[in-house]
S.K.: 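One structure coming up, written as structure tokens, with questions to follow.
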Amino acid sequence: MFHAASSPLSSPNSSVSEKDQHRPSPDRRSKQRDAFFDNAKYLAIVLVAIGHSWEPLKGDSRVLQAAYQFVYAFHMPAFILISGYFSRSFDGSPARLKRLVTGVVVPYVVFETAYPLFKQVVDRETETPVSLLDPYYLTWFLCALFIWRLTTPVWKMIRHPLPVALGIAMLASVTPGVTGSLDLQRVLQFLPYFVLGLCLRPEHFRMVRRWRVRIAAVPVFVCALAFSWWAVPRMNTGWLYHRSSAQELGVPWWVGPVMQLALFGCSLLLTVCFFSWVPGRTMWFTALGAGTLYGYLLHGFLIKGADYRGLFEPAWLHGPLGEIAVTVAVGLAVTLLCTKPVRWVFRGVMEPKMDWAFKQPDVPAEPVRVQKREPGRDREKVDA
């Protein structure tokens, strides 16, 4: 999700001569990003931030609760699916492992420490512990991404990885003991979306962006919103978080696997509809797709800080105009957090190079070449 994307969706309609004339060099081609995926990542992170801002407001509005359930049904699945798609090249090599440590482990440690300390200072809550084994707020995704990516070679080796991942998610939904450390319930219940991303190819994304799919997505979105409005008083929102078992949600155990399959199907359908409307061309926000890690991890301080200080409590914010104002403000804020100046400031903790912490790869010595003598020349020297 957070890494550069090559251009797998480019259209091969130009002639051969034009291709040869304008073909980029291999180095330049490897650095190209695909506008579609950058656009999808930016739009997904905006939905994530907006969903978090609706959390303290949604209790007073059934419409906002319905919108909240609708967004939560697909924004993280879309995020995770893209992460799986760009993890296909992970092979456990030293270079990949180094990137995993610097791009996932280090930000996890930094922000898993920073969020509890932030709560202690701003909320004056001195009882909030710092624990690397209990992901706090947003950091669960980094923990999950680390585990998912480490297991990528296993999923690439299995003949039918998606059914296996679905089976694991179903079993997790009926296992109350899988809680606490490393947020393993979320790791296991969201696993099928990551594995599905590993199985996808560029042609699959081309298929969902056809006009027929875009047109069909409109009534699907409308029906999903209507269903969300109907389900507000009838469905426990905890199912959408994927962090609790069926027993912990107060229902019989067999409901867990059924809900896992139902939610996977609904989330996948809405994710396809979301991807169908993501622009494939370069937009004003395309470059911001490279900074989604920054927007994801930093916007939590704004949401939590406002919540700690009671900024969501004024009555006018709980009306339609206030909810719209909060939505627009948070959308603008997370957009700014994805910009280059913010990335430049926080790059040292988000994407550290850390060459000092890793051994340099051993360079094999070149073999000594022994020059063979020609028999004829040796005889000439003896005769002379």
S.K.: F205 and F36: side chain to side chain contact (heavy atoms under 4.5 Å, CB included), yes or no, with the steps?
M.R.: CA-CA 9 Å; F205 291 94; F36 168 78; 3.7 Å; yes
S.K.: Does L240 belong to the same Ile/Leu/Val/Met/Phe/Trp/Tyr cluster as V258, with side-chain heavy atoms less than 4.5 Å apart forming each link?
M.R.: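 The answer is yes; both residues are in one hydrophobic cluster.
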S.K.: For residues V164 and W155, determine if any side-chain heavy atom of one lies less than 4.5 Å from a side-chain heavy atom of the other.
M.R.: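 SC-SC contact between V164 and W155 confirmed.
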S.K.: Backbone N or O of V130 within a donor-acceptor pair of the E112 side chain at under 3.5 Å?
M.R.: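 Not at all, since once roles are kept as given, no pair shorter than 3.5 Å links the two residues.
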S.K.: Which heavy atom in A172 sits nearest to a heavy atom in L188, and how many Å separate them?
M.R.: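 Reported closest heavy-atom pair: CB-CB, 3.7 Å.
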S.K.: Tell me, please, whether F37 has R33 positioned over its six-membered ring: NZ or CZ under 6.0 Å from the ring centre and within 45 degrees of its axis?
M.R.: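 Not flagged: R33 not positioned over aromatic ring of F37.
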S.K.: Evaluate K41 against D34 for salt bridge (charged side-chain N to carboxylate O under 4.0 Å, His left out), listing each step before the verdict.
M.R.: CA-CA 11 Å; K41 290 189 293 182; D34 191 286; over 6 Å; no
S.K.: Can you label the angle between the Y42 ring and the W284 ring as parallel, tilted or perpendicular, going by 30° and 60°?
M.R.: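 Judged by the thresholds at 30° and 60°, the geometry between Y42 and W284 is perpendicular.
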S.K.: Would you find a donor on one side and an acceptor on the other, under 3.5 Å apart, between the side chain of N39 and the backbone of R281?
M.R.: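 A pair under 3.5 Å: yes.
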S.K.: Should the ring pair F79 and Y296 be called parallel, tilted or perpendicular, given that the plane angle runs from 0 to 90° and is split at 30 and 60?
M.R.: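 It falls in the tilted class, 30° to 60°.
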S.K.: At what distance, to the nearest 0.5 angstrom, does OG1 of T139 lie from OH of Y115?
M.R.: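 Between atom OG1 of T139 and atom OH of Y115 there are 8.0 Å.
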S.K.: Which residues pass the ring-ring contact (aromatic ring centres under 6.0 Å, His included) test with F227, sequence neighbours left out?
M.R.: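 F227: ring-ring contact (aromatic ring centres under 6.0 Å, His included) contacts with W230.
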S.K.: Rounded to the nearest 0.5 Å, what separation is found between the CE atom of M259 and the CG atom of N236?
M.R.: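 Reported to 0.5 Å precision, the distance equals 9.0 Å.
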S.K.: Is the backbone of Y241 close enough, under 3.5 Å, to the side chain of R186 for a donor and an acceptor to pair up by distance?
M.R.: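 Present.
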S.K.: Is L182 reachable from L150 through a run of hydrophobic residues whose side-chain heavy atoms are each under 4.5 Å from the next?
M.R.: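 Yes, because L150 and L182 connect within a single hydrophobic cluster, where side-chain heavy atoms sit under 4.5 Å apart.
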S.K.: Work out which heavy atom in P77 is nearest to a heavy atom in A73; give both atom names and the distance.
M.R.: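 Closest heavy-atom pair between P77 and A73: CG-O, 3.7 Å.
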S.K.: Are T282 and D38 close enough that some pair of their side-chain heavy atoms sits under 4.5 Å apart?
M.R.: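 Side chain of T282 against side chain of D38, heavy atoms only: no contact under 4.5 Å found.
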S.K.: Could you tell me whether the side chain of T151 and the main chain of I147 form a donor-acceptor pair under 3.5 Å?
M.R.: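 Checking the backbone N and O of I147 against the side chain of T151, a donor-acceptor pair under 3.5 Å is found.
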S.K.: Hey, what do you get for OH (Y85) to SG (C199), rounding to the nearest 0.5 Å?
M.R.: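 It comes to 12.5 Å.
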S.K.: First locate atom CG of L142, then atom CG of L297, and finally report the distance between them rounded to the nearest 0.5 Å.
M.R.: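 L142 CG to L297 CG: 5.0 Å, rounded to 0.5 Å.
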S.K.: State the CZ-OH distance between F118 and Y136, to the nearest 0.5 angstrom.
M.R.: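 One finds 9.5 Å between CZ of F118 and OH of Y136.
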S.K.: Quick one: does S267's side chain have a donor or acceptor within less than 3.5 Å of a partner on F264's backbone?
M.R.: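 Pair absent, no side-chain N/O of S267 close to backbone of F264.
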S.K.: List in chain and number order the residues that pass ring-ring contact (aromatic ring centres under 6.0 Å, His included) with W239, two or more places apart in sequence or in another chain; answer none if no residue qualifies.
M.R.: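 ring-ring contact (aromatic ring centres under 6.0 Å, His included) list for W239, sorted by chain: empty.
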S.K.: Between T152 and D91, does a side chain to side chain contact (heavy atoms under 4.5 Å, CB included) hold up when you go through it step by step?
M.R.: CA-CA 7 Å; T152 293; D91 54 3; over 6 Å; no
S.K.: Run the side chain to side chain contact (heavy atoms under 4.5 Å, CB included) check on I303 and V330 step by step: do they pass?
M.R.: CA-CA 8 Å; I303 303 297; V330 171; 4.1 Å; yes
S.K.: Taking the basic N atoms (NZ, or NE/NH1/NH2) and the acidic carboxylate oxygens, is any pair closer than 4.0 Å for D307 and K119?
M.R.: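 Answer for the salt bridge query: no.
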S.K.: Kindly write out the residues that satisfy ring-ring contact (aromatic ring centres under 6.0 Å, His included) with F74, not counting sequence neighbours, or none if the list is empty.
M.R.: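 Testing F74 for ring-ring contact (aromatic ring centres under 6.0 Å, His included), a comparison that skips the adjacent residues, returns F70, F274.
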S.K.: What's the spacing between M170 CE and L166 CG if we round to 0.5 Å?
M.R.: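 It is 7.5 Å, given to the nearest 0.5 Å.
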S.K.: Are V109 and F301 connected in a single hydrophobic cluster, I mean Ile/Leu/Val/Met/Phe/Trp/Tyr linked by side-chain heavy atoms less than 4.5 Å apart?
M.R.: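 Looking at the clustering, V109 is in the same group as F301.
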S.K.: Check whether any side-chain N or O of D123 sits under 3.5 Å from a backbone N or O of E125 as a donor-acceptor pair, and report yes or no.
M.R.: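 Here the side-chain-to-backbone pair does not exist.
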S.K.: Does H204 reach the main-chain N or O of L200 with its side chain, forming a donor-acceptor pair under 3.5 Å?
M.R.: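 Checked: no pair found.
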S.K.: Looking at Q69 and A231, what are the two nearest heavy atoms and their distance?
M.R.: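 Closest approach of Q69 to A231, heavy atoms only: OE1-CB, 4.0 Å.
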S.K.: If we only count heavy atoms from C-beta on, is the Y308 to K304 side-chain gap below 4.5 Å?
M.R.: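 Of all side-chain heavy-atom pairs linking K304 with Y308, at least one is under 4.5 Å.
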S.K.: Let me know which of V213, I82, L270 forms a side-chain contact (heavy atoms from CB on, under 4.5 Å) with F275.
M.R.: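 One option only clears the test, and that one is I82.
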S.K.: Does atom CZ (R159) have a neighbourhood of more than 12 heavy atoms from anything else shown, all under 6.0 Å?
M.R.: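 No, not enclosed.
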S.K.: For R62 versus P233, what's the shortest heavy-atom pair and its separation?
M.R.: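 Nearest heavy atoms, R62 then P233: NH2-CD, 3.6 Å.
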S.K.: Counting N and O atoms only, with roles assigned by atom type, does the side chain of R149 sit under 3.5 Å from a partner on the main chain of S87, one being a donor and the other an acceptor?
M.R.: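 No: the side chain of R149 does not pair with the backbone of S87.
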S.K.: Does one hydrophobic cluster hold both L311 and L332, with members joined at side-chain heavy-atom distances below 4.5 Å?
M.R.: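 The answer is no; the residues belong to distinct hydrophobic clusters.
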S.K.: Please step through side chain to side chain contact (heavy atoms under 4.5 Å, CB included) for the pair T102 and K353, ending with a clear verdict.
M.R.: CA-CA 7 Å; T102 58; K353 293 184 179 179; over 6 Å; no
S.K.: Check the pair Y294 / E351 against side-chain hydrogen bond (donor to acceptor under 3.5 Å, both in side chains), numbers first and verdict last.
M.R.: CA-CA 10 Å; Y294 298 80; E351 299 176 273; 2.6 Å; yes
S.K.: Going by the angle between their ring planes, with limits at 30° and 60°, are H52 and Y137 parallel, tilted or perpendicular?
M.R.: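 Tilted, since the angle between the ring planes falls between 30° and 60°.
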S.K.: Less than 4.5 Å apart, any side-chain heavy atom of L64 and any of L57?
M.R.: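 Side chain of L64 against side chain of L57, heavy atoms only: contact under 4.5 Å found.
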S.K.: Looking at side-chain heavy atoms only, is the closest gap between S245 and Q185 below 4.5 Å?
M.R.: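 Yes, side chains in contact.
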S.K.: Decide yes or no for L198 and P161: does some side-chain heavy atom of the first lie under 4.5 Å from some side-chain heavy atom of the second?
M.R.: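 Contact flag for L198/P161 side chains = no.
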S.K.: Can you classify the ring geometry of W140 versus F190 as parallel (below 30°), tilted (30 to 60°) or perpendicular (above 60°)?
M.R.: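 Aromatic pair W140/F190 classed parallel.
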S.K.: Donor-acceptor pair, Q120 side chain versus P129 backbone, under 3.5 Å?
M.R.: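 Looks like no, no N/O pair under 3.5 Å.
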S.K.: Passes side-chain hydrogen bond (donor to acceptor under 3.5 Å, both in side chains), W253 versus S173? Steps please.
M.R.: CA-CA 8 Å; W253 68 268; S173 69; over 6 Å; no
S.K.: Quick check: closest heavy atoms across A287 and R343, and the distance to 0.1 Å?
M.R.: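 It is O-NH1, 3.9 Å.
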S.K.: Is there a donor-acceptor pair closer than 3.5 Å between any side-chain N or O of W277 and the backbone N or O of R214?
M.R.: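 Yes, W277 side chain to R214 backbone: donor-acceptor pair under 3.5 Å.
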S.K.: Can you tell if the side chain of V342 reaches within under 4.5 Å of the side chain of L336, non-hydrogen atoms only?
M.R.: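 No - every pair of side-chain heavy atoms lies 4.5 Å or more apart.
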S.K.: Is the CE atom of M207 crowded by more than 12 outside heavy atoms at less than 6.0 Å?
M.R.: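 Not more than 12 within 6.0 Å, no.
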S.K.: Would Y68 and W54 satisfy ring-ring contact (aromatic ring centres under 6.0 Å, His included), going step by step from the backbone distance to the final call?
M.R.: CA-CA 7 Å; Y68 179 86; W54 287 346; 7.2 Å; no
S.K.: Could you tell me which non-hydrogen atom of H299 sits nearest to which non-hydrogen atom of V334, and how far apart they are?
M.R.: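 Reported closest heavy-atom pair: CB-CG2, 4.3 Å.
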S.K.: In terms of hydrophobic clusters joined by side-chain contacts under 4.5 Å, are V63 and V232 together?
M.R.: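 Different hydrophobic clusters.
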S.K.: Decide yes or no for S83 and L145: does some side-chain heavy atom of the first lie under 4.5 Å from some side-chain heavy atom of the second?
M.R.: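 A side-chain contact exists here, since the closest heavy-atom pair is under 4.5 Å.
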